[in-house]
Trainee: 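My questions will all concern the structure given below.
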Amino acid sequence: MRIDGVKRPKSAFLSVEKDMELITRELLKNERFKRLLFYNSKDAMTRPDLTQEETLGLINKNIKIVPKLYVDGSVLSYVIINFDNFTPNMTNPEFRDNIIEFDIICHFDQWQLKDFQLRPYKIAAEIDSMFNDKHLTGIGTLEFLGAGQIDIQDTEFAGICLMYRTVHGEE
């Protein structure tokens with residue numbers, strides 16, 4: 001119900017929920033990415049594709065939109081999606097550019113796959129191939145800014161943070 005005289009808030013921050021959903025949907029389309037998160041074994045890349053139920057089970061368990069890591073004994077690989085460093089967009093004042101971070105965190109026992117393959121870097125490669133220099137409707141174009149090591153003190157987890165700058169055009 002709409003109440004006369006009450007305006008809906010207008011803010012670029014209100015698009016975060018839509019952007020988070022769009023990014024999560026893109027991630028869930030990638031079978032290799034899903035296998036790397038779901039299967040804890042070294043042969044994760046050769047295991048079967050996930051069922052729809054298994055895929056949906058990744059949300060809020062392996063793929064997190066709240067930047068808090070709850071470690072449970074069965075889940076050993078995580079991707080946390082963060083939005084950070086919002087700045088004014090000089091060409092389109094309706095939008096705010098920002099940085100999207102993908103924190104890839106894996107238990108040390110799960111890092112090594114086959115030979116010299118490392119799970120966090122394989123996950124990073126999948127994410128990078130999906131988002132670098134890609135235009136996502138409503139979000140804009142994502143430009144790779146960099147990546148850095150994540151060391152979580154006093155735990156058995158570490159990983160990589162991928163950072164992408166959003167560039168809003170004249171959408």
Trainee: Would you name the heavy atoms of Pro48 and Arg35 that are closest together and state the gap between them?
Mentor: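 Closest approach of Pro48 to Arg35: O-CD, 3.5 Å.
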
Trainee: Please report the closest heavy-atom contact between Gln110 and Ser41, naming both atoms and the distance.
Mentor: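 What the structure gives for the nearest pair is OE1-N, 4.2 Å.
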
Trainee: Is the backbone of Phe86 close enough, under 3.5 Å, to the side chain of Arg96 for a donor and an acceptor to pair up by distance?
Mentor: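 No; judged by distance alone, with no hydrogens or angles, the pair does not exist.
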
Trainee: Is there side-chain contact between Leu58 and Leu50, with heavy atoms separated by less than 4.5 Å?
Mentor: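 Heavy-atom side-chain distance check passes, below 4.5 Å.
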
Trainee: Would Ile81 end up clustered with Leu136 when hydrophobic side chains under 4.5 Å apart are linked, directly or stepwise?
Mentor: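 The answer is yes; both residues are in one hydrophobic cluster.
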
Trainee: Calculate, to the nearest 0.5 Å, the distance between atoms CD1 and CD belonging to Ile160 and Glu101 respectively.
Mentor: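 CD of Glu101 is found 13.5 Å from CD1 of Ile160.
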
Trainee: Could you walk me through whether Phe144 and Phe131 pass the side-chain contact (heavy atoms from CB on, under 4.5 Å) test, one step at a time?
Mentor: CA-CA 8 Å; Phe144 180 72; Phe131 294 106; over 6 Å; no

Trainee: Kindly compute the distance separating CZ (Arg47) from NZ (Lys42), expressed to the nearest 0.5 Å.
Mentor: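 Separation between the atoms: 14.5 Å.
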
Trainee: Should Asp103 and Tyr78 be marked as a side-chain hydrogen bond (donor to acceptor under 3.5 Å, both in side chains) after you check the CA-CA gap, both sets of side-chain angles, and the distance that decides it?
Mentor: CA-CA 8 Å; Asp103 293 337; Tyr78 305 87; over 6 Å; no

Trainee: Does Asn98 reach the side chain of Asp19, with side-chain heavy atoms less than 4.5 Å apart?
Mentor: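 SC-SC contact between Asn98 and Asp19 ruled out.
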
Trainee: Rounded to the nearest 0.5 Å, what separation is found between the CD1 atom of Ile127 and the CD1 atom of Ile104?
Mentor: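 Output value for this atom pair is 4.0 Å.
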
Trainee: Just how far is it from atom CG of Leu56 to atom CD of Glu54, taken to the nearest 0.5 Å?
Mentor: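 One finds 10.5 Å between CG of Leu56 and CD of Glu54.
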
Trainee: Minimum heavy-atom separation for Asp128 and Leu162, please, with both atom names.
Mentor: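 Distance-wise, the nearest heavy atoms are N-CD1, 4.4 Å.
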
Trainee: Between Leu113 and Phe33, is there shared hydrophobic-cluster membership here, with clusters defined by ILVMFWY side-chain heavy atoms closer than 4.5 Å?
Mentor: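 Leu113 clusters together with Phe33.
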
Trainee: If the condition is salt bridge (Lys or Arg N to Asp or Glu O under 4.0 Å), which residues does Glu126 pass it with, not counting sequence neighbours?
Mentor: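 With sequence neighbours excluded, Glu126 shows a salt bridge (Lys or Arg N to Asp or Glu O under 4.0 Å) to Arg32, given in chain and number order.
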
Trainee: Is it the case that over 12 heavy atoms from other parts of the model lie below 6.0 angstrom from the CD atom of Gln149?
Mentor: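 Enclosed.
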
Trainee: Of Leu27, Leu37, Leu36, Leu76, which is the lone residue that meets side chain to side chain contact (heavy atoms under 4.5 Å, CB included) with Asn62?
Mentor: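 For Asn62, the side chain to side chain contact (heavy atoms under 4.5 Å, CB included) check succeeds only for Leu37.
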
Trainee: Is Leu145 reachable from Tyr164 through a run of I, L, V, M, F, W or Y residues, each pair having side-chain heavy atoms under 4.5 Å apart?
Mentor: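 No; tracing contacts between hydrophobic side chains, which count when under 4.5 Å, never links both residues.
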
Trainee: Between CZ of Arg165 and CD1 of Ile100, what distance do you get to the nearest 0.5 Å?
Mentor: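 So the gap between those two atoms works out to 12.0 Å.
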
Trainee: Could you see if Met45 belongs to whatever hydrophobic cluster contains Met130? Use Ile, Leu, Val, Met, Phe, Trp, Tyr and a side-chain cutoff under 4.5 Å.
Mentor: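 Met45 and Met130: one cluster.
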
Trainee: Tell me whether Ile63 shares a hydrophobic cluster with Val66, the cluster being built from Ile, Leu, Val, Met, Phe, Trp, Tyr side chains joined at under 4.5 Å.
Mentor: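 Yes; tracing contacts between hydrophobic side chains, which count when under 4.5 Å, links both residues.
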
Trainee: Apply side-chain hydrogen bond (donor to acceptor under 3.5 Å, both in side chains) to Asp97 and Thr87, showing your working.
Mentor: CA-CA 5 Å; Asp97 293 335; Thr87 58; 4.8 Å; no

Trainee: How would you list, by chain and number, every residue that makes a ring-ring contact (aromatic ring centres under 6.0 Å, His included) with Phe83, sequence neighbours excluded?
Mentor: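 Partners of Phe83 under the ring-ring contact (aromatic ring centres under 6.0 Å, His included) test: none.
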
Trainee: Any non-hydrogen side-chain atom of Leu28 less than 4.5 Å from a side-chain atom of Ile59?
Mentor: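 Sidechains of Ile59 and Leu28: in contact.
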
Trainee: Looking at Glu21 and Lys18, is there a salt bridge between them, counting it only when a charged N and a carboxylate O are closer than 4.0 Å?
Mentor: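 No, Lys18 and Glu21 are not salt-bridged.
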
Trainee: Return the CG to NZ distance between Leu118 and Lys122, rounded to the nearest 0.5 Å.
Mentor: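 Interatomic distance, Leu118 CG to Lys122 NZ, rounded to 0.5 Å: 10.0 Å.
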
Trainee: Side-chain contact test, heavy atoms from C-beta onward, threshold under 4.5 Å: evaluate it for Ile123 versus Cys106 and give yes or no.
Mentor: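 A side-chain contact exists here, since the closest heavy-atom pair is under 4.5 Å.
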
Trainee: Is a salt bridge present between Asp43 and Lys114, judged by a nitrogen-to-oxygen distance below 4.0 Å?
Mentor: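 So Asp43 does not pair with Lys114 through a salt bridge.
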
Trainee: Can you check whether Lys134 reaches Leu142 side chain to side chain, under 4.5 Å on heavy atoms?
Mentor: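 No, side chains not in contact.
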
